[in-house]
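Notes to accompany the following structure.
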Amino acid sequence: MTVNLLDLDAQGLVEFVTGAGQKPFRARQLLHWLHQGCVGEFAQMTDLAREFRDMLERDAVIRAPAVVSDSTAADGTRKWLLQVGTANAIETVFIPETDRGTLCISTQAGCALDCGFCSTGKQGFNRNLGLGEIIGQLWWAERTLRADACAAGDAQPGRMISNVVFMGMGEPLLNFDNVVSALRLMLDDHAYGLSRRRVTVSTSGIVPFIDRLAEACPVSLAVSLHAPTDALRDRIMPINRKYPLRDLMAACRRYLRHSPRDSIMFEYVMLAGVNDRDEDAQALVALLRDIPCKVNLIPFNPFPAADFARSSRDTIRHFAEQLTAAGLIATTRKTRGDDIDAACGQLAGRIEDRTRRVERLVRRESARVAGVPQ
Ligand code: SF4
């Protein structure tokens, strides 16, 4: 059976090479080529013995999710829509800045958590991504960006992606094992060698898995908060009914004992008239008063069929001022890639709508051809 090497973590590579009768050190060589060199052809792995490369050509592949579309916004934000099986597409977004390059990756096709303001949540849950589909997003993006830099005249481009955020489609902590395996590859000095501080997992607040992440692979933590009270959060984020704010805040405090950063990032999408009033700002201050944190205010990105509207610029500024006056650190996220729908779930949502419609049509047509009454 052919093995996709991107589906294997460091230990999996050892088992693969030793199972093929090779010495374990070959796994380290493969790790370098795959995840440091982002090489996609065995012929380029020049320090591997000829018969080992022949075995790889026969029994292995290096396969990242296929690219459905590749678009670049006027501000340089680049977005890939990637195919992960029939009718499933995910998004990966690269955000270039002067001092860093950040890749936003997905961990599930769709999402089960149904946050009211989220385009991905409206699509429902399809499935968890495998390790190869998660790490494959980083592999593909790094490889593509390096190739582009070479084509632009940079003979030896260095690392293009310095930061990874798990903020694309899906709830990362509900695909825990594959996410942790991907994190370990990202941090491994023989692979991508990223700093723990520069890899951020964002969760809607799956409390038991916040604790498990602290033990298994502590990286920077972001929490999609979006509401300062249980009453409001219950309404816009159903997961809050299972893990209410008191439990979530306690988990955040516990996480800080393990975190590579001394604060948690709380994300707060600004929804006009819903969570952006003065009383919401005061409730947020009270909630976060004794937890080291930063608050990132995110202007809502409307999508078709959204029930919410974006808070005005003045409202967001006033909200931020109230947090700052109370001693919190508050920033407002720049909206990036508006012209290519780079907000969570938007482009994949459109594809999904279309594929579902096509599936329905195919079912109806099959039934018609088979003579089943409609
Ligand atoms: S905001 Fe995150 S957790 Fe909530 S539905 Fe969207 S993808 Fe899922």
Side-chain angles (χ1 to χ4, degrees), residues 79 81-82 84 88-93 103-129 133-134 137 164-176 178-179 182 200-210 213 220-228 230 232-245 247-248 251-252 264-271 274-275 295-311 333 335-337 341-353:
K79 175 165 174 165
L81 186 69
L82 304 174
V84 285
N88 282 327
I90 56 162
E91 297 157 329
T92 305
V93 179
L103 191 71
C104 176
I105 65 175
S106 298
T107 53
Q108 297 180 314
C111 182
L113 297 190
D114 198 22
C115 300
F117 49 84
C118 174
S119 164
T120 300
K122 299 270 177 256
Q123 297 165 42
F125 176 68
N126 287 305
R127 67 173 176 84
N128 279 334
L129 301 187
E133 292 167 326
I134 299 173
Q137 295 169 66
V164 174
V165 293
F166 285 69
M167 293 183 183
M169 296 176 78
E171 163 54 61
L173 297 186
L174 290 181
N175 186 8
F176 189 78
N178 288 327
V179 164
T200 302
V201 168
S202 174
T203 178
S204 58
I206 316 290
V207 165
F209 283 95
I210 293 176
L213 184 67
S220 299
L221 185 71
V223 172
S224 295
L225 188 60
H226 308 313
D230 282 322
L232 180 54
R233 202 164 188 264
D234 281 354
R235 183 152 73 84
I236 63 175
M237 296 185 72
I239 191 66
N240 194 69
R241 295 174 205 152
K242 191 161 174 57
Y243 303 114
L245 284 170
D247 297 351
L248 178 55
C252 289
I264 305 276
M265 173 71 78
F266 288 105
E267 293 157 31
Y268 195 98
V269 66
M270 296 295 291
L271 306 171
V274 176
N275 65 354
V295 181
N296 191 23
L297 302 177
I298 305 168
F300 175 60
N301 236 329
F303 54 89
D307 296 328
F308 301 100
R310 180 186 291 187
S311 306
R333 184 185 290 177
T335 50
R336 299 284 308 249
D341 283 347
C344 172
Q346 294 195 359
L347 188 52
R350 289 183 188 175
I351 293 283
E352 180 67 9
D353 287 348

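Any value given below was found using the heavy atoms of this structure, including those in side chains, with hydrogens, waters and symmetry copies removed. Throughout, numbering of the chain's residues begins at 1 and tracks the sequence. Remember, it's 1-based here, ligands and their atoms both numbered in the order they're listed.
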Point to revise | Presence of N, O or S from C118 under 2.8 Å of atom 6 (Fe) of ligand 1 | key: yes
Review point. Which ligand 1 atoms are under 4.0 Å away from a heavy-atom of D114?
Key: 5 (S)
Practice item. Could you list the atoms of ligand 1 found under 4.0 angstrom from a heavy atom of C111? Key: 3 (S), 5 (S), 7 (S), 8 (Fe)
Practice item. Indicate yes or no for a side-chain donor-acceptor contact from Q137 to the backbone of S106 under 3.5 Å, with no hydrogens or angles considered. Key: yes
Review point. Should the ring pair F209 and F176 be called parallel, tilted or perpendicular, given that the plane angle runs from 0 to 90° and is split at 30 and 60?
Key: tilted
Exercise for review: Assign the ring pair F117 / H226 to parallel, tilted or perpendicular, where the plane angle (0 to 90°) is split at 30° and 60°.
Suggested key: perpendicular
Review point. Distance only, no hydrogens: is a donor on one side chain within 3.5 Å (strictly under) of an acceptor on the other, for T203 and E171?
Key: yes
Practice item. Tell me which one of G205, G170, P172, G121 gets a heavy atom nearest to atom 7 (S) of ligand 1. Key: G170
